[in-house]
Amino acid sequence: MDIFVRKYNSILKTDLFLVTPPFTQLNTPYPATAYIKGFLNTKDISSTQADLGIEVILALFCRKGLEDLFGHAEGLRHQQKSLNAKRILALKNEYIKTIDAVIAFLQGKNPTLALQICQEDFLPEASRFAELEELDWAFGVMGTQDKAKHLATLYLEDISDFIIECIDPNFGFSRYAERLGRSANSFDELYEALNQEYTYMDKILVEILEEKIAIVQPKLFLISVPFPGNLYAAFRCAQFVKRNYPEIKTSMGGGFPNTELRSLSDKRVFEFFDYISLDDGELPVELIYNSIIKGGDFNLYKRTFLLENGEVTYRNDALRSDYKQSDVGTPDYSDLKLDQYISVIEIVNPMHRMWSDGRWNKLTMAHGCYWGKCTFCDISLDYIKVYEPVAAKLIVDRIEDLSEKTGQNGFHFVDEAAPPALMREVALEILRRKISVTWWTNIRFEKSFTRDLCLLLKASGCIAVSGGLEVASDRLLKLIDKGVTVEQVAQVTRNFTEAGVLVHAYLMYGYPTQTIQETIDSLEMVRQLFEAGVLQSGFWHQFAMTAHSPVGMYPEKFGVVKETEAIGTFANNDINYIDKTGIDHNKFSFGLKKSLFNFMHGICFDYKLQDWFDFKIPKTTIAPDFIEKAIKEESKFNTKPTAKVVWLGGKPEAESFTKYKKNKPLEMTILTFHDKKESFEIQVNKNEGAWLGSILEKIAVSNTQVYTFQDIKADFESSMEHFELFWYSEPIYNLRDFGLLVL
């Protein structure tokens, strides 16, 4: 394709242009460029950012985009088309007529369209709508807006199916040409694809990029590649810049190079990129920028690949340490078209939809993982290994800053595993500042998540958590070094669920030495968790051995053998291996995922496990009431002296009265409390009532001073006796149910 340089009225010269290539998410920007831009602000380095993914989607899914798309498809006269594709092409005018209104609706700009969409005679329907018959039951509990979002999502997926079949087989809403980036030990296939003519999608991408480069005119073009599904587009972008703006330096960072390109040696990669940096990007980017601005023959670099004297060189010669999390600044989402992202609902499950529905500001509570032991995880790499929490006050400062700048108060904390103690402090700080926030994050299902901590998190705006249950087998959890048991997971998920926080579990099958029996028993555990209502969502994935995990580094300890010790010249992360058990774990994939899909919709709990598989499986050895028994265990008698005691409620109204016991007058107090939902009363003697009113004021969540259980006991015993009898009495139990928390 010829590139024509246009004249632009507005030139916005900045030093760095930060780009996320297609495709990541439709509903919210991937945060990497916002993190780097926030850091560059602290250094007074000018930068502009763009999410090319959402911009390509919007250029494609609009009236002109569909007119061009269908016109192109009709020009392919010799192409064989399926009945579904023929139907969509026959209805092209209906798609062209409705597309702009649907996109505006999914952007939140056209809410009244929901009424028309829900009448089901507005949108053209193709094969994706066949699923509706199975999901009709769900719409009884979904509002009009949600139902319309789901129908509009099916409509977009129909068009996507048409694109994949007739225009570009590599297309996908959250990935593009992912196959070329997955386990690409050799650069050959990707290099060959990059030397082909532009695809239909490439032309849209390059046209948008051309316009932006002409306006921004950067010195450094920095591209973040989080996933394999971004890799091809990233190289296409860099290729365009190199061909048309050779004076602009290009650099790659992000999750993909961090895990896959650590042993890069193929020189051809540097026909596209001048630099590839690994791990935390702040200092490497600063040093690359300095080398470009200052020039000269001698420059220091941090964890950076470049071509020197015709050879691939890894430079890590800067003695400076990486920046502390307190010094990297607040993520900056300016330049991104935040009002143009589209919320879709692919699955009606309330937790599962959160990845694709709603605009979330992304933040991090702590760098790395506080546990850092799981044997399937890349715990040898800095993004996991280097643990550094951010102070709670600074986190909430960033929340307030981002809320003001973006106009959005939804936050997704993208931690590897958010630390419970820090979550507690963040929740307390949010409540102290009396700000309204909606947030969710990833956790470990550890025993620190008590009933009271879950209630506190909920009160601060936490609506959901996701965590790794992995293999629901205590033997394998021990081998994984997960630090939890299935019984413990059940109790933690119960605590969150009872507090009103949704729970998603990451599930794994095919872990080394896992037997068929353990896979079936794991499925039974998952079935019971869903049936008990303590798990709302989940996702099964097959174990993959990675080069930087303990299993990948020491396979002999886990009963597996690497197929080869050879190291590729391009990507090296996923390792092909032979499991000594000889079990083909692939065959369980369909049955596990189908059963989970039904469990997430609250159905089919009475099916026999055998019904999910078309081959013979053993009967489960798990007791049918295992999870039910586990979640019944609870005790409020294990209060530690150092536990923090917090009152979430308001000041009670006190009313004195006298009651007679064996003709003796007793001075009593009725304390009336007003909860958000209801009012309730408790009766105590006059002295206890006075003390309780006083102590609740001291331990109110709005106060900065924190009192421990020990402090409260001492305060009580300074004027009265028998604290334990009072603390474990019915009035206090009632308060425990309405916001008196022991943390």
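If you read the sequence from its start, that first residue is 1, and numbering goes on from there.
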Lys109, NZ: over 12 other non-hydrogen atoms inside 6.0 angstrom =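 Counting other residues, nucleotides and ligands, NZ of Lys109 exceeds 12 neighbours.
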Charged N to carboxylate O under 4.0 angstrom, [X] versus [Y]?
| X | Y | value |
| --- | --- | --- |
| Glu498 | Arg451 | no |
| Glu282 | Lys43 | no |
| Arg424 | Asp452 | no |

request  = Before giving the answer on ring-ring contact (aromatic ring centres under 6.0 Å, His included), spell out for Phe449 and Phe496 the whole-Å C-alpha distance, their side-chain angles and the decisive distance to 0.1 Å.
outcome  = CA-CA 8 Å; Phe449 290 107; Phe496 275 112; 5.2 Å; yes
Closest approach of [X] to [Y] (non-hydrogen atoms, all atoms of both residues):
| X | Y | value |
| --- | --- | --- |
| Ser251 | Ile288 | OG-CD1, 3.8 Å |
| Pro419 | Tyr387 | CG-OH, 3.1 Å |
| Ser356 | Glu346 | CB-OE2, 3.7 Å |
| Val225 | Pro257 | O-CD, 3.5 Å |
| Ile223 | Cys237 | CD1-CB, 3.8 Å |
| Ser436 | Asn409 | O-ND2, 2.9 Å |

If you round to the nearest 0.5 Å, how far is [atom2] of [Y] from [atom1] of [X]?
| X | Y | atom1 | atom2 | result |
| --- | --- | --- | --- | --- |
| Thr450 | Asn495 | OG1 | CG | 6.5 Å |
| Phe171 | Ile163 | CZ | CD1 | 4.5 Å |
| Phe411 | Ile463 | CZ | CD1 | 12.5 Å |
| Phe17 | Phe221 | CZ | CZ | 6.0 Å |
| Thr546 | Asp378 | OG1 | CG | 4.0 Å |

Consider only side-chain N and O atoms of [X] and [Y], and report whether a donor and an acceptor are under 3.5 Å apart.
| X | Y | answer |
| --- | --- | --- |
| Ser334 | Asp332 | yes |
| Glu286 | Tyr323 | yes |
| Thr364 | Asp415 | no |
| Asp51 | Tyr341 | yes |
| Thr48 | Asp335 | no |
| Arg359 | Thr28 | yes |

CA sep, side-chain torsions, deciding dist, call: Arg262, Asp279, salt bridge (Lys or Arg N to Asp or Glu O under 4.0 Å) = CA-CA 10 Å; Arg262 304 190 79 88; Asp279 301 327; 3.0 Å; yes
key: Worked check of salt bridge (Lys or Arg N to Asp or Glu O under 4.0 Å) between Asp322 and Arg303   = CA-CA 11 Å; Asp322 283 296; Arg303 297 187 301 273; 2.9 Å; yes
Please name all residues satisfying side chain to side chain contact (heavy atoms under 4.5 Å, CB included) with [X], sequence neighbours left out, ordered by chain then number.
| X | value |
| --- | --- |
| Asn27 | Gln25, Ser343, Trp360 |
| Glu531 | Arg527, Phe605 |
| Thr375 | Ile480, Asp481, Tyr511, Pro550, Val551, Phe558 |

ask   = What's the verdict on ring-ring contact (aromatic ring centres under 6.0 Å, His included) for His504 and Trp355, showing C-alpha distance, side-chain angles and the deciding distance?
value = CA-CA 11 Å; His504 172 90; Trp355 279 270; 4.8 Å; yes
ask   = Of Leu151, Leu154, Asp146, which meets side-chain contact (heavy atoms from CB on, under 4.5 Å) against Ile345?
value =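 The passing option is Asp146.
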key: Plane angle bin for Tyr30 and Phe227 - parallel if under 30°, tilted between 30 and 60°, otherwise perpendicular   = perpendicular
message = Ring-plane angle category for Trp439 and Phe413, please: parallel below 30°, perpendicular beyond 60°, tilted otherwise.
response = perpendicular
When you measure from the side chain of [X] to the backbone of [Y], do you find a donor-acceptor pair of N or O atoms at a distance under 3.5 Å?
| X | Y | answer |
| --- | --- | --- |
| Ser160 | Leu156 | no |
| Glu416 | Gly368 | no |
| His541 | Leu507 | yes |
| Arg444 | Lys482 | yes |

